[in-house]
Amino acid sequence: MTGTPQRQPADGPRPESLADLLGGRRGAVDATLPPLAFGLGWVLGGLGGGVLAAVLTGTAVAGWRWRRGDRPRSVLVGLLAVCVAALVALRTGRAADFFLLQIAANTASALAWAVSIVVRWPLLGVVVGTALGQRTRWRRDPALLRAYGRASWVWAATYVLRVAVLVPLWLYGQVVALTVARAALTWPLIAAALTGSWVVIRRSLPAGHPGLRHPVDPADADGVAARTE
């Protein structure tokens with residue numbers, strides 16, 4: 001992986017992207033299925049039908065993810081989110097409240113991403129650094145820290161967009177519209193964020209930077225220069 005675009009041979013390997021590192025699209029597709037099932041079940045059988053369809057679909061998705069080798073904690077968290085959303089809707093008796101947990105989660109996420117950028121711990125760097133086993137070495141690279149900060153705004157914007165779309169629909173109890181918006185603002189938006197943030201990172205890194213896998217520590221570079229003088 002390089003910091004600037006490079007030509008690849010026609011038969012050479014395709015450059016890695018954030019999607020390759022994080023696998024975001026696949027998980028996002030899984031996440032759209034229970035809400036879609038809820039919307040369909042609600043149309044056909046009311047609130048009870050929607051809740052039953054969502055829980056059954058969530059359980060099936062969790063089982064499939066488990067067999068696929070996903071982390072048990074991730075699988076259980078996904079299933080728990082569906083169950084909590086269903087309980088909220090049953091408790092209030094309002095079908096639109098099934099999406100209330102999603103709205104709250106996106107509001108909290110938008111705030112968390114924005115704060116992480118301001119305090120110079122951009123969450124995109126934390127996530128990618130963890131995926132690459134770098135711990136906090138990426139923070140010692142000023143260029144990489146700046147690139148992650150800029151790219152993290154792309155992700156913060158996705159959460160703001162979801163809240164801006166979902167809240168009015170929730171207020172007016174538009175269950176079908178919420179279902180459609182929930183699907184449209186999940187995997188397509190995540191795919192766009194993966195692509196957009198990757199473009200921002202590549203354009204933010206200076207020419208010659210070795211890329212995400214190889215953070216440049218100025219202290220190490222100074223030490224090497226001192227030893228060669």
CZ/R150 to CG/L205 distance, rounded to the nearest 0.5 angstrom?
9.5 Å

Is there side-chain contact between L161 and L189, with heavy atoms separated by less than 4.5 Å?
yes

In Å and rounded to the nearest 0.5 Å, what is the CG to CH2 distance from L212 to W138?
11.5 Å

Hey, can you tell me if F38 and F98 have their rings parallel, tilted or perpendicular (30° and 60° cut-offs)?
parallel

Here the pair of heavy atoms bringing G58 nearest to P34 is CA-CG, 3.9 Å

Joint hydrophobic cluster, L47 plus L52, side-chain heavy atoms closer than 4.5 Å:
no

Do L166 and F99 have side chains that approach each other closer than 4.5 Å (heavy atoms only, starting at C-beta)?
no

Any I103 side-chain heavy atom under 4.5 Å of V167 side chain
yes

Spacing of OG1 belonging to T136 relative to CG belonging to L145, to within rounding of 0.5 Å:
11.5 Å

Hey, quick one: are L185 and L36 part of the same hydrophobic cluster, counting side-chain heavy atoms closer than 4.5 Å, chains of contacts allowed?
no

Does S197 reach the side chain of L124, with side-chain heavy atoms less than 4.5 Å apart?
yes

Looking at side-chain heavy atoms only, is the closest gap between W155 and L194 below 4.5 Å?
yes

Determine whether R137 and D217 make a side-chain contact, defined as any pair of heavy atoms from C-beta on separated by less than 4.5 Å.
no

When rounded to the nearest 0.5 angstrom, what distance separates CH2 in W66 from CG in L76?
6.0 Å

Determine whether Y159 and L111 satisfy the following criterion, side chain to side chain contact (heavy atoms under 4.5 Å, CB included), listing intermediate values before the conclusion.
CA-CA 9 Å; Y159 296 109; L111 180 61; over 6 Å; no

Within one Ile-Leu-Val-Met-Phe-Trp-Tyr cluster: V82 and V61, side-chain cutoff 4.5 Å
no

Taking salt bridge (charged side-chain N to carboxylate O under 4.0 Å, His left out) as the definition, give me every residue that meets it alongside R94, ordered by chain and number, with sequence neighbours left out.
D97

Rounded to the nearest 0.5 Å, what's the gap from NE2 on H214 to NE2 on H209? Could you check?
10.0 Å

How far does CD of Q102 sit from OG1 of T186, to the nearest 0.5 angstrom?
6.0 Å

